[in-house]
Amino acid sequence: MQSITIRRPDDWHLHLRDGAMLEGVIADTSRTFARAIIMPNLVPPVVTTADAKAYRERILKALPDGHRFQPLMTLYLTEHTSPDDVAEGAKSGLITAVKLYPAGATTNSHGGVRDMEKAIPVLERMAEIGLPLCVHGEVTTPEVDIFDREAVFIDTVLDPLRRRLPELKVTMEHVTTSDGIDYIKAAKSNLAGSITTHHLIINRNAILVGGIRPHYYCLPVAKRENHRLALRAAAVSGDKRFFLGTDSAPHVDPLKECACGCAGIYTSINTMSCLAHVFEEEGALDRLEAFASLNGPAWYGLSPNEERITLSKQAEPVDFPAKIETGAGPVTVFDPMFPLHWQVVA
Ligand SMILES: NC(=O)N[C@@H](CC(=O)O)C(=O)O
Ligand SMILES: [Zn+2]
Ligand SMILES: [Zn+2]
């Protein structure tokens, strides 16, 4: 039996939701991951340090007994966000990053930023104090094709912003294109990217071929195969600027399986099994630790976890549930469409 031991991983982009959903999903993360950056797109969103403090307490309360897990909180940037509140949240250690959602770009983003100009005072303060900005990097202009939204965002929003505020640390979240990968690689400093588990595995065919498959729909939407290959190459390269952000985003099945289904894929439960499979396929199992456990903390200025996890490869496929039951309803689990043989065993 083959096995590898790595430092305990962290998830640098996670949706835990709230209430019954939070209670239903948190163990799938806290069982394996030591820390996660918690996305603030609740309804209503987490916009102030006080909101983040209260949300953090709800997360810790939902944590199963015996699980050691640290939620790293973010604030949802609006055109009215107070620079002082952000700075205080950062200083107290409660806030790890601020999240930019262009208005209308994704789930619960209608309160996001329409006019970047209005966000500049906050962003200037963040640059001053070294607080990272996490971006959902897609434009929402109706004229732009949904498959081009990330590339156009880089040219029309991200690059101008980084030229204006070169000291601002930016995480390009859930990179889905070779354009994104190239842009990050070309940057001299202050830019990194998170990559999801599912974008290493699916391309857009998964959503559209043989019938429409809502459980493969997320935002940014999966792109062509050449983009998936670019993401894979970056993830397994060991390059410190790329790290895991699962973007595990649970929605109950009735909200996925309908005429206007929500965007989001639930991968918390089988992410490490999927990643071990991908890294083995790429002949890069020795770099899984960099991607899942080392590069993220280095970027966020934190120490890597001291604890270790072991993954082992077994002959029989590992059984993951097709869906999990939560108090909010059933949530379908990401199906990588190949059998998984790797499993976290300790
Ligand atoms: N990724 C998704 O498809 N959905 C996320 C939002 C996001 O990260 O864009 C969600 O909150 O459901
Ligand atoms: Zn997003
Ligand atoms: Zn997300």
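Computed from a predicted structure; not experimentally measured. Atoms within a ligand are numbered from 1 in the order they appear, just like the ligands themselves.
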Exercise: do E173 and S194 side chains pair donor with acceptor under 3.5 Å:
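Result is yes, a qualifying pair exists.
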With no hydrogens and no angle check, do the side chains of T48 and D85 hold a donor and an acceptor under 3.5 Å apart?
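Their side chains do not contain a donor-acceptor pair, so the 3.5 Å distance test is not met.
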Are any of the N or O atoms of [X] closer than 3.5 Å to those of ligand 1?
X: C218; value: no
X: K99; value: no
X: Y217; value: no

Of the listed options ([options]), which comes nearest to [atom] when hydrogens are ignored and any heavy atom counts?
atom: atom 12 (O) of ligand 1; options: R17, H136, H15, E138; answer: R17
atom: atom 3 (O) of ligand 1; options: T246, L219, N108, L255; answer: L219
atom: atom 6 (C) of ligand 1; options: T106, T196, I265; answer: T106

Considering only N, O or S atoms, which atom of D247 is nearest to the Zn ion (ligand 3)?
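This residue's closest N, O or S atom turns out to be OD1.
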Name of the H15 atom (N/O/S only) found closest to the Zn ion (ligand 3)
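Nearest N/O/S atom of H15: NE2.
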List ligand 1 atoms under 4.0 Å from [X], heavy atoms only on the residue side.
X: H174; result: 8 (O), 9 (O)
X: H13; result: 8 (O)
X: D247; result: 1 (N), 2 (C), 8 (O)

How far apart are the C-alpha atoms of E307 and R68, what are their side-chain angles, what is the distance that settles it, and do they pass the salt bridge (Lys or Arg N to Asp or Glu O under 4.0 Å) test?
CA-CA 11 Å; E307 290 171 296; R68 278 189 304 278; 2.4 Å; yes
R35 side chain to Q70 backbone, donor-acceptor under 3.5 Å:
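Checked: no pair found.
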Classify the ring geometry between F334 and Y216 as parallel (under 30°), tilted (30 to 60°) or perpendicular (over 60°).
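If you compare the ring of F334 with that of Y216, the planes turn out perpendicular.
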W12 and F243 aromatic ring geometry - parallel, tilted or perpendicular at 30°/60° bounds:
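Taking W12 first and then F243, their aromatic rings stand perpendicular (interplane angle over 60°).
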Judged by non-hydrogen atoms, does [X] sit under 4.0 Å from ligand 1?
X: H251; answer: yes
X: H198; answer: no
X: M39; answer: no

Can you report which non-hydrogen protein atom sits closest to atom 4 (N) of ligand 1, along with the distance?
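For this ligand atom, the closest protein heavy atom is A263 O, 3.1 Å.
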Which atom of Y300 lies closest to which atom of T96, heavy atoms considered:
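Residues Y300 and T96, closest heavy atoms: CD2-CG2, 4.0 Å.
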Tell me the closest heavy-atom pair linking F69 and S30, and the distance in Å.
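Closest approach of F69 to S30: CB-CB, 3.7 Å.
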Residues E225, R228; criterion salt bridge (Lys or Arg N to Asp or Glu O under 4.0 Å); working and verdict
CA-CA 5 Å; E225 177 65 359; R228 184 184 75 101; 2.8 Å; yes
Passing option when H174 is tested against H199, H136, E138 for side-chain hydrogen bond (donor to acceptor under 3.5 Å, both in side chains)
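Checked H199, H136, E138 against H174; only one passes side-chain hydrogen bond (donor to acceptor under 3.5 Å, both in side chains): H136.
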Could you please compute the angle at the Zn ion (ligand 2) from NE2 of H174 to ND1 of H136, rounded to 10°?
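Value returned, to the nearest 10°, is 100°.
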